[in-house]
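Numbers restart at 1 for each chain; the letters A, B, ... are given by sequence-line order, proteins then strands.
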Number of protein chains: 2
Amino acid sequence: MRRDIFQAVADPTRRAIIALIALQAMTPNAIADNFNTTRQAVSKHLRILTECELVKQEQKGREIYYSLEIDKLKEVDKWMEQFRKIWETRYNQLDDVLVKLKNNKNE
Amino acid sequence: MRRDIFQAVADPTRRAIIALIALQAMTPNAIADNFNTTRQAVSKHLRILTECELVKQEQKGREIYYSLEIDKLKEVDKWMEQFRKIWETRYNQLDDVLVKLKNNKNE
DNA sequence: TATATATGCAATCAATCGGTTTCGCAATTC
DNA sequence: GAATTGCGAAACCGATTGATTGCATATATA
């Protein structure tokens, strides 16, 4: 059982579930209505998402509402940061080149 | 063969490879030296990364240098954006609350 | 109380994954 | 030219994955 957030997000159905419940909590049945799979399959996805704390549940009678623990997604964002730094560096380098070109033009 | 970027990034060894070659191109052997696996296993990872265009190769004699196609990682960043928006909204809402608290205090 | 609904869990299955071992090929080096 | 080095591809293997089916349980409704 690996259960890390990157593995959780790797599956396209799970990504869709995440997007679906990002703004409002939903029951497994309601979620399953949006996909071409059984409710049980969705339930398994929700279990995986719960195990890596990407999702939290709230029981209301016989229904269980699932909602996104959006802060957990910051772990992905955190990983991306190192590459964002590289992008920025390259962007600045490109900027330098453009500035130099402009200066040459004005000479 | 699914080969999408999220699945590619799901494996911890592949994430480590990505980080390793982000700044400088490396050969499979050099990459493999950093891990507890065989060169062939690394080679398979590199093939997967190549297939989803996260990595490019440059042959120099009998060596092949692999480097990161860093722009491809923006696809992950793009997916994150929807959640970043939600974070910002929540942050602003929190900000509103704090402003109101402050105003009440001053009354 | 009997029935319907909402859900989780276990068993099962084919497909995929990540790894190793073995091999073949091309480019160096001796 | 022979040996060495760097590499990818294929065959294989146990573990994991995503899905289905069948079942058990709890709540709501008739």
As a test of reading the structure: which of C/dT7, C/dG18, C/dC17 is closest to the side chain of B/Gln7, going by heavy atoms?
C/dC17

Any side-chain heavy-atom pair of A/Ile17 and A/Val55 under 4.5 Å
no

The criterion is side chain to side chain donor-acceptor pair (under 3.5 Å); which residues satisfy it with A/Arg39, sequence neighbours excluded?
none

Could you tell me whether a side-chain N or O of A/Gln57 sits under 3.5 Å from a main-chain N or O of A/Gln59, the two making a donor and an acceptor?
no

I'd like to know if B/Lys44 reaches the base of C/dG19 with its side chain such that a donor and an acceptor end up less than 3.5 angstrom apart.
yes

Residue set satisfying side chain to side chain donor-acceptor pair (under 3.5 Å) with A/Gln82, at least two apart, ordered chain then number -> none

From the options D/dC7, C/dT7, D/dA19, select the nucleotide whose nearest atom is closest to the side chain of B/Glu63.
D/dC7

To the nearest Å, how far apart are B/Tyr65 OH and D/dG8 P?
13 Å

Show every ring pair (Phe, Tyr, Trp, His ring centres under 6.0 Å) that has at least one partner inside residues 53-90 of chain B, sequence neighbours left out.
B/Phe6-B/Trp79, B/Trp79-B/Phe83

Going by number, which of residues 16-34 of chain B have a non-hydrogen atom under 4.0 Å from DNA chain D?
B/Thr27, B/Pro28, B/Asn29

Suppose we screen for side-chain contact (heavy atoms from CB on, under 4.5 Å). Which residues come up paired with A/Leu20, at least two apart in sequence or across chains?
A/Met26, A/Ile31, A/Asn34, A/Phe35

In this structure, how many angstroms lie between the C1' atom of C/dC9 and the CD1 atom of A/Ile64, rounded?
12 Å

Whole-Å gap separating P (D/dT17) and CG (A/Leu49)
13 Å

Under 4.0 Å between a side-chain N/O of A/Arg47 and OP1 or OP2 of D/dA19, yes or no?
no

Looking at A/Asp77 and A/Arg84, does any basic side-chain N land under 4.0 Å from a carboxylate oxygen?
yes

Quick tally for nucleotides 21-30 of chain D: nucleotides whose base has a protein heavy atom under 4.0 Å get B, sugar-phosphate-only ones S, the rest -, giving BB----BS--

Check for a donor-acceptor pair, side chain of A/Arg14 on one end and backbone N or O of A/Val9 on the other, with a separation under 3.5 Å.
no

From CG of A/Asp11 over to P of C/dA15, roughly how many Å is that when rounded to an integer?
18 Å

CG of B/Asp4 versus P of D/dG18: gap in Å, rounded?
12 Å

Among the nucleotides D/dA19, C/dG18, D/dC7, whichever has the atom closest to the side chain of B/Tyr66 is D/dC7

Below 4.0 angstrom, N of the basic side chain to O of the carboxylate: do B/Asp4 and A/Arg15 qualify?
yes

Between A/His45 and D/dA19, is there a contact of a side-chain N or O with OP1 or OP2 at under 4.0 Å?
yes

